[in-house]
Amino acid sequence: MASQDSKPPNHALLSICKSLVAGGVAGGVSRTAVAPLERLKILLQVQNRHNVKYNGTVQGLKYIWKSEGFRGLFKGNGTNCARIVPNSAVKFFSYEQASKGVLSLYRLQTGNEEAQLTPLLRLGAGACAGIIAMSATYPMDLVRGRLTVQTEASPHQYRGIFNALSTVFREEGARALYKGWLPSVIGVIPYVGLNFSVYESLKDWLIQTKPLGLAQDSELSVTTRLACGAAAGTIGQTVAYPLDVIRRRMQMVGWKGAASVVAGDGKGNLEYTGMVDAFSKTIKYEGFGALYKGLVPNSVKVVPSIAIAFVAYEMVKDVLGVEMRISD
């Protein structure tokens, strides 16, 4: 009897581990696939307006290749993966757990044991998952941004993830590790929430209506799931993008010996007292369009990134034998 009683907890723990592994693999694979575009996006977001080095996606990628070589295209990706693997693992797992909890409450409230999650409920579950995952790994995001921006010519060099974390902590204090956290929280609600809501709702709609024969026996092809992920990523990032720009700029405040792309020629290296101040100064000095700096490379990378992440997550869970449907 003792061995039978111990089976459910062990099985549940194994299932949790498998789910976390699937989420981590999905995050690492998807981000590495679009690392050059991710770096260019960040450089465009924080580029000093008095020392503009590139304006477009192709021009920016060529500049990075010419000045820093192939490795420059992937600068900061190691840190990004070190952040995104646990972030993605926690995010996917948190979404599943939040969805199950929300669904149970919804069925209890409506008295309908057959009720399924609505797009709005999925949005709420996704928002919760995004906030939990982002908060848990935020210091890694801050140092990832700085490592991504610095070049060989930067006045001060962070030697790696732990050196960057310790340097920021020592020179700027513990609170500095969470610079830009508020716009991140506000931005993650529509971004992650819409990603999960649109993706799951599109899948359900396609399976139920079977338009153009896209669904076979309640299953969607990899191509169709990629398209669902692409649509989810496009909608989410467009809504939340200005907050991502402000978050990234606030992360650069207080950086002694900042990279030249941020400091420029020493002019216009603005300090921000908070999120509202960052918004107002960005619009005042650079115009409303500055809130969408880097949107093009981000749009190019977010579609395959989100799509690959969702499909990789589901495929790894299939391989590991983990139940996938949240609404079951």
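Keep in mind that this is a model prediction, so the values were computed, not measured. Sequence positions, counted from 1, serve as the residue numbers for this chain.
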For this session: Under the side chain to side chain contact (heavy atoms under 4.5 Å, CB included) rule, what do Val198 and Thr234 come out as? Steps first, then yes or no, please.
Result: CA-CA 10 Å; Val198 172; Thr234 300; over 6 Å; no
Find out if a path of hydrophobic residues (ILVMFWY) with successive side-chain heavy-atom gaps under 4.5 Å connects [X] to [Y].
{"X": "Tyr138", "Y": "Val46", "answer": "yes"}
{"X": "Val58", "Y": "Ile42", "answer": "no"}
{"X": "Ile283", "Y": "Met275", "answer": "yes"}
{"X": "Leu105", "Y": "Tyr95", "answer": "no"}
{"X": "Leu120", "Y": "Leu117", "answer": "no"}

Quick check for you: to the nearest 0.5 Å, what is the distance between [X] atom [atom1] and [Y] atom [atom2]?
{"X": "Gln116", "Y": "Ser99", "atom1": "CD", "atom2": "OG", "result": "11.5 Å"}
{"X": "Leu147", "Y": "Leu165", "atom1": "CG", "atom2": "CG", "result": "8.5 Å"}
{"X": "Arg247", "Y": "Asp141", "atom1": "CZ", "atom2": "CG", "result": "4.5 Å"}
{"X": "Thr282", "Y": "Leu291", "atom1": "OG1", "atom2": "CG", "result": "6.0 Å"}
{"X": "Ile186", "Y": "Ile131", "atom1": "CD1", "atom2": "CD1", "result": "10.0 Å"}
{"X": "Phe74", "Y": "Thr148", "atom1": "CZ", "atom2": "OG1", "result": "12.5 Å"}

Exercise. With a 4.5 Å heavy-atom cut-off, do Ile64 and Leu43 have their side chains touching?
Worked result: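 They are in contact (side-chain heavy atoms under 4.5 Å apart), so the answer is yes.
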Problem set entry | Lys203 and Leu206, any side-chain heavy atoms less than 4.5 Å apart |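 A side-chain contact under 4.5 Å is absent here.
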Partners passing ring pair (Phe, Tyr, Trp, His ring centres under 6.0 Å) against [X] (at least two apart in sequence or in another chain):
{"X": "Phe92", "result": "Phe196, Phe310, Tyr313"}
{"X": "Tyr63", "result": "Tyr54"}
{"X": "Phe162", "result": "none"}
{"X": "Tyr158", "result": "His156, Trp255"}

Problem set entry | Sidechain N-carboxylate O distance under 4.0 Å for Arg39, Glu68 |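 Salt bridge: yes.
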Exercise. Going by an N to O cut-off under 4.0 Å, is there a salt bridge joining Glu38 and Arg144?
Worked result: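 Counted as a salt bridge, because a side-chain N and a carboxylate O are separated by less than 4.0 Å.
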Exercise. Going through the checks in order, is the side chain to side chain contact (heavy atoms under 4.5 Å, CB included) test met by Leu142 and Val168?
Worked result: CA-CA 10 Å; Leu142 182 134; Val168 173; 4.2 Å; yes
Please report the closest heavy-atom contact between [X] and [Y], naming both atoms and the distance.
{"X": "Ile132", "Y": "Ser94", "result": "CG2-OG, 3.9 Å"}
{"X": "Met250", "Y": "Ala278", "result": "CG-CB, 4.1 Å"}
{"X": "Ala115", "Y": "Tyr106", "result": "CB-CE2, 3.8 Å"}
{"X": "Cys81", "Y": "Gly28", "result": "SG-O, 4.1 Å"}
{"X": "Gly145", "Y": "Arg248", "result": "CA-NH1, 3.7 Å"}
{"X": "Ala33", "Y": "Ile308", "result": "CB-CD1, 4.1 Å"}

Test side-chain contact (heavy atoms from CB on, under 4.5 Å) applied to [X] - qualifying residues, sequence neighbours left out:
{"X": "Val311", "result": "Val222, Arg225, Leu226, Met315"}
{"X": "Ser197", "result": "Pro119, Arg122, Leu123, Ser201"}
{"X": "Thr57", "result": "Leu37, Leu40, Leu61, Val296, Pro297"}
{"X": "Val239", "result": "Pro190, Leu194"}

Problem set entry | Residues Tyr292 and Gln45: side-chain donor-acceptor under 3.5 angstrom |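 Not at all, the side chains of Tyr292 and Gln45 share no donor-acceptor pair under 3.5 Å.
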N/O donor-acceptor pair under 3.5 Å between [X] side chain and [Y] backbone:
{"X": "Thr137", "Y": "Met140", "value": "no"}
{"X": "Arg107", "Y": "Asn112", "value": "no"}
{"X": "Ser166", "Y": "Asn163", "value": "yes"}
{"X": "Tyr241", "Y": "Lys293", "value": "yes"}

Exercise. With sequence neighbours left out, what residues match Gln59 under side-chain hydrogen bond (donor to acceptor under 3.5 Å, both in side chains)?
Worked result: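 With neighbours one apart ignored, the set is empty.
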For this session: Might you work through the side chain to side chain contact (heavy atoms under 4.5 Å, CB included) test for Gln237 and Asp244, ending with a clear yes or no?
Result: CA-CA 9 Å; Gln237 69 96 26; Asp244 187 54; over 6 Å; no
Going by atom type alone, with no hydrogens or angles, which donor-acceptor pairs under 3.5 Å involve a side-chain atom of residues 173-180 and a protein atom two or more places apart or on another chain?
unit_1 : atom_1 : unit_2 : atom_2 : d
Tyr178 : OH     : Ser135 : O      : 3.4
Lys179 : NZ     : Glu172 : OE1    : 2.9
Lys179 : NZ     : Val253 : O      : 2.4

For this session: Identify, with sequence neighbours excluded, every residue that meets salt bridge (Lys or Arg N to Asp or Glu O under 4.0 Å) alongside Arg249.
Result: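 Checked Arg249 against salt bridge (Lys or Arg N to Asp or Glu O under 4.0 Å); matches are Glu286.
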For this session: Among residues two or more places apart or on two chains, list those pairs meeting salt bridge (Lys or Arg N to Asp or Glu O under 4.0 Å) that have a residue in residues 230-240.
Result: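 The answer is none; no pair qualifies.
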For this session: Could you give me the CA-CA distance, side-chain angles and deciding distance for Ser184 and Leu243, then say whether side chain to side chain contact (heavy atoms under 4.5 Å, CB included) is met?
Result: CA-CA 7 Å; Ser184 295; Leu243 287 157; over 6 Å; no
